[in-house]
Amino acid sequence: MIKETISRLNNELPATVKLVAVSKFHPFESIEEAYAAGQRIFAESRPQELQAKVRRLEEIRAERGEPAYMSDIQWHFIGHLQTNKLKMVLPYVSLIQSVDSERLLSAIDSWGAANDKVLDVLLEPHVAAEETKQGFSPEEISLLLAEAGKYGHIRFKGIMGMATFTDDEDVIRNDFASLRTIFDRIRSDYPSLSGSFTEFSIGMSDDYPIAVGYGSTMVRIGSMIFGARNY
Ligand SMILES: *Cc1c(COP(=O)(O)O)cnc(C)c1O
């Protein structure tokens, strides 16, 4: 099933859209199965779980004496990240998609300075109707990017967004349109960034076909590939 779904998604998605397999709450074996089907980018939302999976992979490499096993796997982080958990995440990920506050951004920048590493990040604006969602207002993003130069160990790669959790397609379209406006505005207001500010990460299992219509460059698909999650 995992293999078939990945093939189907790869056939269906335009070449400009990267498939990110959201493996949270699923066992390492499911990741191996997806990897065997050609999937390379995986996303996790909880620091402990990401770290456990990275360690599991290291264990397997050691057991088999195959240090290169799955060596081109890429991990993205897509969950709420507390500043006291950075060291469980930042050494392992190629992209932090869910930077939702200036405080977190500053902490990532400091970690990068201390560890001599430049971190790729997406900023997460808040457009969905849910009150509890984390994220920046468009104004906060503008203020922050006006001072982008002060973050010497951050590379701003784009934005990540989520639509309101609803079956109402009009609401979802409206949210994706708002995210698109934010993305386009940043690219035109900050031309010095726009060469690398290219990722527009929208779309999940239930709404990715709509997201592709709004110019998504990265869809984050979990349950459709791996099945329902047992929280
Ligand atoms: C869990 C999660 C997804 C994947 O959701 P599915 O509906 O299972 O595809 C995508 N993005 C974020 C930020 C998530 O937390």
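When a residue number appears, it is its place in the shown sequence, counting from 1. No experiment lies behind these values; they were computed from the predicted model shown. Just follow the structure's listing: the first ligand is 1, and inside any ligand the first atom is 1.
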query: Going by the order shown, which atoms of ligand 1 are within less than 4.0 Å of some heavy atom of Ile221?
result: 9 (O)

field: atom 5 (O) of ligand 1 [closest protein heavy-atom partner, distance rounded to 0.1 Å]
entry: Met204 CE, 3.5 Å

message: Working to the nearest 0.5 angstrom, can you tell me the gap between Tyr92 OH and Lys87 NZ?
response: 10.0 Å

- prompt: Can you tell which part of Ser45 has a heavy atom less than 4.0 Å from ligand 1: side chain, backbone, both or neither?
  reply: neither

task: Return the orientation label for the Phe42 and Phe226 ring planes: parallel under 30°, perpendicular over 60°, tilted otherwise.
output: tilted

- request: State, with a plain yes or no, whether a side-chain heavy atom of Ile60 is found less than 4.5 Å away from one of Phe28.
  value: yes

message: Test of understanding: given a 4.0 Å heavy-atom threshold, classify the contact between Gln97 and ligand 1 as side chain, backbone, both, or neither.
response: neither

- prompt: Tell me, do Tyr214 and Arg173 make a side-chain contact under 4.5 Å, heavy atoms counted?
  reply: yes

message: If hydrophobic clusters are built by linking Ile, Leu, Val, Met, Phe, Trp and Tyr wherever their side-chain heavy atoms come under 4.5 Å apart, do Phe197 and Met160 end up in the same one?
response: no

query: Among protein heavy atoms, which lies nearest atom 12 (C) of ligand 1, and at what distance?
result: Ile78 CD1, 3.5 Å

- request: Do me a favour and list the nearest non-hydrogen protein atom to atom 2 (C) of ligand 1 with residue, atom name and distance?
  value: Lys24 NZ, 2.6 Å

- prompt: Any idea which atoms of ligand 1 are less than 4.0 Å away from a heavy-atom of Gly222?
  reply: 4 (C), 6 (P), 8 (O), 9 (O)

- prompt: So which protein heavy atom does atom 9 (O) of ligand 1 come closest to, and at what separation?
  reply: Ser205 OG, 2.5 Å

query: Are any of the heavy atoms in Arg229 under 4.0 Å away from ligand 1?
result: yes

query: Does NZ belonging to Lys117 count more than 12 external heavy atoms closer than 6.0 Å?
result: yes

query: Are any of the side-chain heavy atoms of Ser94 and Asp120 separated by less than 4.5 Å?
result: no

- prompt: Starting from atom 11 (N) of ligand 1, which protein heavy atom do you reach first, and at what distance in Å?
  reply: Arg220 NE, 2.9 Å

